[in-house]
Amino acid sequence: MNRIVLCIVAALVLVNCTRQPALSTFQKKSELMHTLVTVTVVSDSAQKAEAAIDASFAEIKRLEVALSFWTKDSEIAKINASAGVAPVKVSPETLEIARKAGFINKLTEGAFDPTIGPLIRLWDYKARKIPDPLAIEQARKKVGYGKVIIDPDVSTIYLKDKGMSYDTGGIAKGYATDRAVEVLKSKNISAGLVSIAGDIRAFGRRPDGSLWRVGIRDPRSDSEEDLMAIVELENQAVSTSGDYERFFMENGVRYHHIIDPATGMPARGAISLTVIAPEGVITDGLSTGLFVLGPERAMKILEESGYEGIAINEDRKTYMTKSLASRVKWTNPEYAPN
Ligand code: AMP
Ligand code: MG
């Protein structure tokens, strides 16, 4: 009996000696990259958490300017201004993004195409106007990944034809989640969640040791709050591309912002496409490109490459990579695969 009591006392002392200061989650929101950014971190100090979150916001702000083709003196703007004229010397960071974009272009069989800029500029969703077919034909001639020359030895990027335009819109937010996580880690934060609209990256675990859980929007609900499913993430990123983000309706047809480079028109087949992978730059680019390819080809590519994902087609049928089943909870049973 005495021995048992002693053991319990010893165990309690041990627990007490090794106990860490209490961990909590801290969260801040900011309007960056033309959308809502939410950063959540696990920390033992509100002060430390706030300083780290503010540093991650500053990094996202820096990238908002650096990666925009609207900002005149960004490297992307310089590449576009020099199209058909001369290669442009770029920073290691721009080179890295361009190489990742090239990887995603290959993986999606050309469906993700960062030279899509001339087509993107024809679509004005506020004006609700379908571009003239002739204008689309002209713009399509200025689109094509084969006309991008990246020279890693001298760190230059060259668009071969005048009028070409490099657009990082399909990949920049995911890249920014990666960079923001690096900044948080450099501030000694060991767990957190960075979310830039539909692009989210998690690292570490919540204070109770459980995995981070992220909601995927119901693609056909008018409320942004309505979820279709919740997925668990372990040191991973998740991105969802959907036809509900920017669109207008005309004669019952939805004209949205993910453009098939082969036609210049909004991609058909999928209405929501989610990718889970270790890096945000990959999930963001892939979700956009695989959306264009449609659910069936998307699932095949994800299974083959070892990434994970969920796709919903126009008949609201759900497709999912096999390994994901145990980490998804269907909050709207209508979407649960049978
Ligand atoms: P996301 O919301 O991540 O799917 O990205 C959509 C954005 O990516 C659009 O607003 C465009 O700027 C860009 N985009 C649209 N279609 C494509 C495409 N086929 N390849 C690459 N970028 C695209
Ligand atoms: Mg994307």
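Whatever order the structure lists them in is the order used to number ligands and atoms, beginning at 1. Starting from 1, each residue takes its place in the sequence as its number.
- Residues Ile301 and Val275 are members of one and the same hydrophobic cluster, defined by side-chain heavy-atom contacts under 4.5 angstrom among Ile, Leu, Val, Met, Phe, Trp and Tyr.
- When rounded to 10 degrees, the angle formed at the Mg ion (ligand 2) by O (Gly170) and OG1 (Thr288) equals 90°.
- Looking at Asp218 and Tyr335, their side chains do bring a donor and an acceptor atom within 3.5 Å of each other.
- A donor-acceptor pair is defined here as one N or O able to donate and one able to accept, closer than 3.5 Å; such a pair exists between the side chain of Ser287 and the backbone of Asp284.
- The side chain to side chain donor-acceptor pair (under 3.5 Å) test applied to Lys141 returns no partner, not counting sequence neighbours.
- Remark: Asp161 does not engage Lys142 in a salt bridge, criterion side-chain N to carboxylate O under 4.0 Å.
- Residue side and main chain included, Ser239 places no N/O/S atom under 2.8 Å of the Mg ion (ligand 2).
- No side-chain donor-acceptor contact under 3.5 Å links Gln236 to the backbone of Leu233.
- In terms of distance to the Mg ion (ligand 2), the nearest N, O or S atom of Asp284 is named OD1.
- Heavy-atom contacts from other residues, nucleotides or ligands closer than 6.0 Å to CZ of Arg62 number more than 12.
- Contact shell of ligand 1 (protein heavy atoms, cutoff 4.0 Å): Ala111, Phe112, Asp113, Ile116, Ile120, Asp167, Gly169, Gly170, Ser241, Glu245, Arg246, His257, Ile258, Ile259, Pro261, Asp284, Thr288, Val292.
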